[in-house]
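Okay, structure first, notes after.
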Amino acid sequence: DSGVTQTPKHLITATGQRVTLRCSPRSGDLSVYWYQQSLDQGLQFLIQYYNGEERAKGNILERFSAQQFPDLHSELNLSSLELGDSALYFCASSVALGQAYEQYFGPGTRLTVT
Amino acid sequence: AQKITQTQPGMFVQEKEAVTLDCTYDTSDQSYGLFWYKQPSSGEMIFLIYQGSYDEQNATEGRYSLNFQKARKSANLVISASQLGDSAMYFCAMRESGDGSARQLTFGSGTQLTVLP
């Protein structure tokens with residue numbers, strides 16, 4: 001158990017819908033990262049927050065947004081869902097921004113868009 | 001160019017044997033970190049080992065060691081005494097120093113390791 005929690009574990013929804021994925025980082029970790037894992041794109045970085053502020057954006061679609069709250073939990077919002085958004089979405093956390101700090105991954109949320 | 005290349009989509013190893021999973025990387029940064037993660041069929045990503053670009057010694061964590069060859073830009077994972085529970089997908093990842101604030105990981109495409117009894 002990495003200490004990072006993600007809910008829900010599975011999510012099945014229809015095209016055009018909106019969903020929210022939730023992540024609670026390890027206790028004491030200030031940095032949260034969101035990654036998407038799909039068969040065709042592999043593991044891709046989406047967005048990073050540090051202590052409530054957005055720090056970096058990767059290959060995140062405009063239909064997707066995220067935020068980190070004062071209690072450090074984070075939410076990833078996916079809207080106008082398409083079939084291609086079906087993927088495993090991971091949240092990871094690390095204690096700080098330093099080079100050596102490993103990221104601990106949550107169990108992931110498996111999103112299926114039908 | 002791919003930043004992280006894992007050329008072995010699948011590997012087989014006999015139980016109790018050692019196995020090396022290849023990883024090459026591409027970066028112009030002097031300061032960077034290299035990571036290996038394990039993803040079993042259950043889906044979670046498990047951190048295995050870390051190597052910093054300035055570390056002179058190869059990293060080791062139990063049965064895992066990282067064969068770091070900086071000039072060749074390779075960071076191969078060596079698993080000694082393979083166990084059935086080592087069967088999983090293994091990902092090599094890199095964190096570059098970038099602009100000093102972003103610390104995201106770039107992942108390779110992974111190697112599916114199967115340990116045979």
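All values derive from a computational prediction rather than experimental measurement. Numbered from 1 within each chain, the chains take letters A, B, ... in sequence-line order.
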Examine whether an atom of A:Q44 lies under 4.5 Å from a heavy atom of chain B, and if so say whether it belongs to the side chain, the backbone or both; otherwise answer neither.
-> neither
Does B:L66 belong to the same Ile/Leu/Val/Met/Phe/Trp/Tyr cluster as B:I46, with side-chain heavy atoms less than 4.5 Å apart forming each link?
-> no
ILVMFWY network linking B:I79 to B:M11, side-chain heavy atoms under 4.5 angstrom = yes
More than 12 heavy atoms from other groups under 6.0 Å of CG on A:L39 | no
Interface moiety of A:L88 toward chain B, non-hydrogen atoms closer than 4.5 Å | side chain
Is the closest side-chain heavy-atom distance between A:F90 and B:M45 below 4.5 Å?
-> yes
More than 12 heavy atoms from other groups under 6.0 Å of CZ on A:R110 = no
Given the rule that I, L, V, M, F, W and Y join up when any side-chain heavy atoms are under 4.5 Å apart, are A:I60 and A:L78 in one cluster?
-> yes
Under 6.0 Å between ring centres, would you say that holds for B:F107 and A:F45?
-> no
Under 6.0 Å between ring centres, would you say that holds for B:Y37 and A:F105?
-> yes
State whether a side-chain donor-acceptor pair under 3.5 Å links B:Q39 with A:Q37.
-> yes
At what distance, to the nearest 0.5 angstrom, does CG of A:L43 lie from CD1 of B:I4?
-> 12.0 Å
Closest contact, heavy atoms only, A:A56 versus B:Q104 | CB-OE1, 4.0 Å
Look up atom CD in A:E102 and atom OH in B:Y50, then write down how far apart they are to the nearest 0.5 Å.
-> 9.0 Å
Determine the minimum heavy-atom distance between B:R95 and A:Y33, stating which atoms define it.
-> NH2-OH, 4.5 Å
Single-linkage hydrophobic cluster B:M89~B:L105, side-chain heavy atoms < 4.5 angstrom = yes
More than 12 heavy atoms from other groups under 6.0 Å of NZ on B:K70 = yes
